[in-house]
Amino acid sequence: MSQTFDWDAVRDSLPLLLQGFRVTLLATVLGTLVAAVLGLAIAVAGRAPSRWVSVPVKTVMEFVRATPLLVQLVGAAAVFTSVEPLTIGIVVLGVHYATYTSEVYRAGIDGVPKGQWEACRALSLPPRRTWQAVILPQAVRNVLPALGNYAISMFKETPFLAVITVQEMVFEARKYGTDHFAYTEVFTLAGLVFLVASYPTSLLMRKLEKRLGH
């Protein structure tokens, strides 16, 4: 006997899923900010002339990139038991993706024409002024689409936060499905919400990438 799709479950679960979606969106936005700022710091520190700075930074970065996000979340939650799970999730997401955005920034910095560096040296600009006024504005502009794509990837990986009891959208979907035996309906709805939120953003990033490429 085939099971019919329960539209009443869709209607009843929608408010709960939207409540979880707000948590998902918050984790994505704040995690992206952490990744953007920390990734830039890692990219700059990795270019430091002192090996006492660059080598530890690169070592930590490789360690984070080589371990699964799920393991990092569970490990951080086990260590920082007094910290709110959502805070842990935001920080872990941000740090994890910072190791990838740092590579994006590095490529953007390497893409700045050498003549720009030479002009700064010819004008005797101090290093801080060189970075702030000349190098970073050009590098960041070129990597905005890639940063946006990582933000979308982070958004789609927020369901991992459910393992540390963050009540994001998939957590709410699973809870409703367990209570009402309506897994098909709520997970279909959750998938549609992810699609509606991420697909237009993906199109926007592609459009931005084409515009900046000209």
Point-to-point distance, once rounded to the nearest 0.5 Å, from [atom1] of [X] to [atom2] of [Y]:
{"X": "Leu73", "Y": "Glu157", "atom1": "CG", "atom2": "CD", "result": "9.5 Å"}
{"X": "Leu86", "Y": "Ile164", "atom1": "CG", "atom2": "CD1", "result": "8.0 Å"}
{"X": "Leu14", "Y": "Glu172", "atom1": "CG", "atom2": "CD", "result": "12.0 Å"}
{"X": "Gln167", "Y": "Arg22", "atom1": "CD", "atom2": "CZ", "result": "12.5 Å"}
{"X": "Thr101", "Y": "Asn149", "atom1": "OG1", "atom2": "CG", "result": "13.0 Å"}
{"X": "Leu40", "Y": "Trp131", "atom1": "CG", "atom2": "CH2", "result": "8.5 Å"}

Apply side chain to side chain contact (heavy atoms under 4.5 Å, CB included) to Val95 and Leu38, showing your working.
-> CA-CA 7 Å; Val95 172; Leu38 183 58; 3.9 Å; yes

Could you check Val34 against Val91 for side chain to side chain contact (heavy atoms under 4.5 Å, CB included), going step by step and ending with a plain yes or no?
-> CA-CA 7 Å; Val34 172; Val91 172; 5.8 Å; no

How far apart are the closest heavy atoms of [X] and [Y], and which atoms are they?
{"X": "Ser102", "Y": "Met61", "answer": "OG-SD, 3.2 Å"}
{"X": "Ile88", "Y": "Ala77", "answer": "CD1-CA, 3.8 Å"}
{"X": "Met154", "Y": "Leu93", "answer": "CE-O, 3.9 Å"}
{"X": "Ala151", "Y": "Thr28", "answer": "O-CG2, 3.8 Å"}
{"X": "Val104", "Y": "Ala146", "answer": "CG1-CB, 3.7 Å"}
{"X": "Ala182", "Y": "Tyr176", "answer": "CB-CE2, 4.3 Å"}

Give a yes or no on whether Phe80 atom CZ has more than 12 heavy-atom contacts from other residues, nucleotides or ligands under 6.0 Å away.
->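 No.
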
Any chance CZ of Arg11 has more than 12 other-residue heavy atoms, nucleotides or ligands included, within less than 6.0 Å?
->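 Atom CZ in Arg11 is packed in, count exceeds 12.
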
Donor + acceptor pair across side chains of Thr32, Tyr150 (<3.5 Å) =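 No donor-acceptor contact under 3.5 Å links the two side chains.
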
Just checking, any donor-acceptor pair under 3.5 angstrom between side chains of Glu168 and Thr158?
->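 Thr158 and Glu168 do not have a side-chain donor-acceptor pair below 3.5 Å.
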
Output, in order, the C-alpha distance, side-chain angles, deciding distance and verdict of side chain to side chain contact (heavy atoms under 4.5 Å, CB included) for Leu17 and Phe21.
-> CA-CA 6 Å; Leu17 264 61; Phe21 177 75; over 6 Å; no

Between the side chain of Gln138 and the main-chain N/O of Val112, is any donor-acceptor distance below 3.5 Å?
->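 Checked: no pair found.
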
Are the side chain of Gln72 and the backbone of His96 linked by a donor-acceptor contact shorter than 3.5 Å?
->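 Absent.
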
Step-by-step ring pair (Phe, Tyr, Trp, His ring centres under 6.0 Å) determination, Phe194 to Phe155 | CA-CA 8 Å; Phe194 271 110; Phe155 172 68; 5.0 Å; yes

Take the angle between the ring planes of Tyr97 and Tyr100 and call it parallel below 30°, perpendicular above 60°, tilted in between.
->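 Rings of Tyr97 and Tyr100: tilted, as their planes differ by 30° to 60°.
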
Can you check side chain to side chain contact (heavy atoms under 4.5 Å, CB included) on Tyr105 and Val143, steps first, answer last?
-> CA-CA 7 Å; Tyr105 283 122; Val143 303; 4.1 Å; yes

Is a salt bridge present between Arg106 and Glu103, judged by a nitrogen-to-oxygen distance below 4.0 Å?
->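 Answer for the salt bridge query: yes.
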
Are Phe187 and Leu192 co-members of a hydrophobic cluster defined by side-chain heavy atoms under 4.5 Å apart?
->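 Leu192 and Phe187: separate clusters.
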
